[in-house]
Number of protein chains: 2
Amino acid sequence: MAKPQDRQLVEQWRSIQTTYFHTAGALERALESKFSIGLTEFEILDLVAESTDAACRMKQLGERTPMTQSAMSKVVDRLDKAGLISRQSCADDRRSLFLELTDAGRALHRQAAIEHRALLRENLGKY
Amino acid sequence: MAKPQDRQLVEQWRSIQTTYFHTAGALERALESKFSIGLTEFEILDLVAESTDAACRMKQLGERTPMTQSAMSKVVDRLDKAGLISRQSCADDRRSLFLELTDAGRALHRQAAIEHRALLRENLGKY
DNA sequence: TGTCATTCAATGACGTGTCATATAAGTTGT
DNA sequence: ACAACTTATATGACACGTCATTGAATGACA
């Protein structure tokens, strides 16, 4: 009871939580106020932007983030409606969707990424 | 553009996110299925349980978690309704609330903490 | 080819977190 | 003792994530 290893484990976990919450909060607020997008929206843009291959991506993207399939679907939907991304059905498997940044999406991502990196630099390791 | 330090920063951030989401998810599911409480509920129980001093605590608790004041209020409300915690107004400052585990709360926390620590041990450093 | 199982994405019901605000109590200065 | 300000908690509107399910396309195999 109250084993020291347990205490250390709990401390470690709380430290991760703190870092995560504060950093995510800072990112959220900055992206929302300056670019009118949420953090999850940005993260999808970021993943699509750095994706080089032209595979059917919706699925693969899911493998690169801890987001749920359901969450991804909704975020992508919002991005689509905002005109930042386009969804095109895949020729070889019509269940899949191919994602692509629009020009607006690419432009916004370029700006937002600068802010994003700066905030990461500022926040990570701060707590 | 695509500076290597930026890449590293992003990697670090994603790693934190992954650890956070997977661990929190595992905790959530286990606590919910075995004890019918959410992770945030457990975290409040945990904080109250380890709190030694008899100060008016609602406020102080807020300083020990990244949770919002609003979120805390609602979580404590649920815990109260579930009969796991009791809120008593402070004599010296009637705005403040003094939190205390009920017997049921203490019993549940004792069991749940074992599960919680085990899952932390299993998950942290896994990703 | 027809059936059954599997996979990809979207959706609806629901819970919980956030922001802004309300309520109530305490504090300060006059 | 009265305003004006500050602090502690609660609450309502709203947004977003989750789970379970659906719809549609594919695969496997007799």
Side-chain angles (χ1 to χ4, degrees), chain A residues 17-18 20-33 36-44 48 55-82 85-100, chain B residues 17-18 20-33 36-44 48 55-82 85-100:
Chain A
Q17 285 187 300
T18 300
Y20 177 73
F21 273 99
H22 283 105
T23 307
L27 290 170
E28 221 14 284
R29 284 185 290 277
L31 293 172
E32 187 62 54
S33 74
S36 302
I37 58 170
L39 176 54
T40 52
E41 274 87 352
F42 172 80
E43 281 168 348
I44 294 296
V48 175
C56 299
R57 286 196 223 117
M58 191 85 176
K59 187 66 197 317
Q60 283 98 309
L61 246 55
E63 292 159 9
R64 295 205 235 155
T65 124
M67 259 186 254
T68 299
Q69 177 269 317
S70 175
M72 270 225 14
S73 176
K74 297 189 183 190
V75 174
V76 167
D77 198 52
R78 276 177 253 143
L79 286 170
D80 189 349
K81 277 167 183 148
I85 222 175
S86 78
R87 280 181 284 198
Q88 323 172 25
S89 74
C90 254
D92 59 323
D93 182 344
R94 281 159 22 227
R95 290 169 304 183
S96 297
L97 286 183
F98 182 82
L99 300 183
E100 204 171 63
Chain B
Q17 284 186 300
T18 300
Y20 177 73
F21 273 99
H22 283 106
T23 307
L27 289 170
E28 222 11 287
R29 283 184 291 276
L31 293 171
E32 187 62 53
S33 73
S36 302
I37 59 170
L39 175 54
T40 53
E41 273 87 350
F42 172 80
E43 282 168 348
I44 294 297
V48 175
C56 301
R57 284 197 224 117
M58 190 85 176
K59 186 68 199 311
Q60 283 97 309
L61 247 54
E63 292 160 9
R64 296 207 234 153
T65 121
M67 257 185 258
T68 298
Q69 176 269 319
S70 175
M72 272 224 14
S73 176
K74 296 188 182 188
V75 174
V76 167
D77 197 53
R78 275 176 254 145
L79 286 169
D80 190 347
K81 277 168 182 149
I85 222 175
S86 77
R87 280 180 283 197
Q88 322 172 26
S89 75
C90 254
D92 60 321
D93 182 344
R94 281 161 22 229
R95 291 169 304 180
S96 294
L97 287 182
F98 182 83
L99 300 183
E100 204 170 63

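Here is how names work: the chains are called A, B, and so on, in the same order as the sequence lines, proteins then strands, and each is numbered from 1. Predicted model, so just to flag it, every value in this text is computed and none were measured.
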For L97(B) and S89(B), run side-chain contact (heavy atoms from CB on, under 4.5 Å): C-alpha distance rounded to whole Å, both residues' side-chain angles, the deciding distance at 0.1 Å, then the answer. CA-CA 5 Å; L97(B) 287 182; S89(B) 75; 4.3 Å; yes

Ignoring backbone atoms, test whether R78(B) places a side-chain nitrogen or oxygen under 4.0 Å from the OP1 or OP2 oxygen of dG17(C). yes

It should be established whether S70(A) places a side-chain nitrogen or oxygen under 4.0 Å from OP1 or OP2 of nucleotide dC19(D). no

R29(A) has an atom CZ; how far is it from atom C1' of dT18(C), in whole Å? 10 Å

Report the relative orientation of the aromatic rings in Y20(A) and Y20(B); use parallel for angles under 30°, tilted for 30 to 60°, perpendicular for over 60°. parallel

Short side-chain N/O contact from R94(B) to OP1 or OP2 of dG26(C), under 4.0 Å: yes

Please determine if a side-chain N or O atom of R87(A) lies less than 4.0 Å away from the OP1 or OP2 oxygen of dA10(C). yes

By the definition side chain to side chain contact (heavy atoms under 4.5 Å, CB included), identify the one residue from K81(A), R87(A), E41(A) that meets it with V76(A). R87(A)

Mind calculating the distance between CD1 (I44(A)) and C1' (dG17(D)) to the nearest angstrom? 13 Å

Report the distance from atom CE of M72(A) to atom P of dT18(D), rounded to the nearest whole Å. 12 Å

Which sits closer to the 5' end of DNA chain D, A91(A) or P66(A), going by the nucleotide each is nearest to? P66(A)

Are E43(A) and V75(A) close enough, and set up right, to give a side-chain contact (heavy atoms from CB on, under 4.5 Å), and what steps lead you there? CA-CA 10 Å; E43(A) 281 168 348; V75(A) 174; over 6 Å; no

To the nearest Å, how far apart are E32(B) CD and dA20(D) P? 11 Å

Interatomic distance where CG belongs to L61(A) and P belongs to dA9(C) [whole Å]: 10 Å

Contact class for D93(A) vs. all strands (heavy atom < 4.0 Å): base, sugar-phosphate, or nothing? sugar-phosphate

Establish whether the base of dT7(C) is bridged to the side chain of R95(A) by a donor-acceptor pair shorter than 3.5 Å. yes

L97(A) has its side chain closest, among dA9(C), dG17(C), dT18(C), to dA9(C)

Any donor-acceptor pair under 3.5 Å joining the side chain of Q69(B) to the base of dA8(D)? no

L79(B) side, atom CG; T40(B) side, atom OG1 - distance, nearest 0.5 Å: 8.0 Å

Contact class for S96(A) vs. all strands (heavy atom < 4.0 Å): base, sugar-phosphate, or nothing? sugar-phosphate

Quickly work out the L39(B) CG to dG17(C) C1' distance and round it to whole Å. 13 Å

dG15(C) base / K74(B) side chain donor-acceptor hit below 3.5 Å: no

Regarding dT11(C), can its base be found pairing with the side chain of S73(A) as donor and acceptor, where the two atoms are less than 3.5 Å apart? no

I37(A) atom CD1 is separated from dA15(D) atom C1', nearest whole Å, by 16 Å

Between CZ of F21(A) and C1' of dT18(C) the distance, given in whole Å, is 12 Å

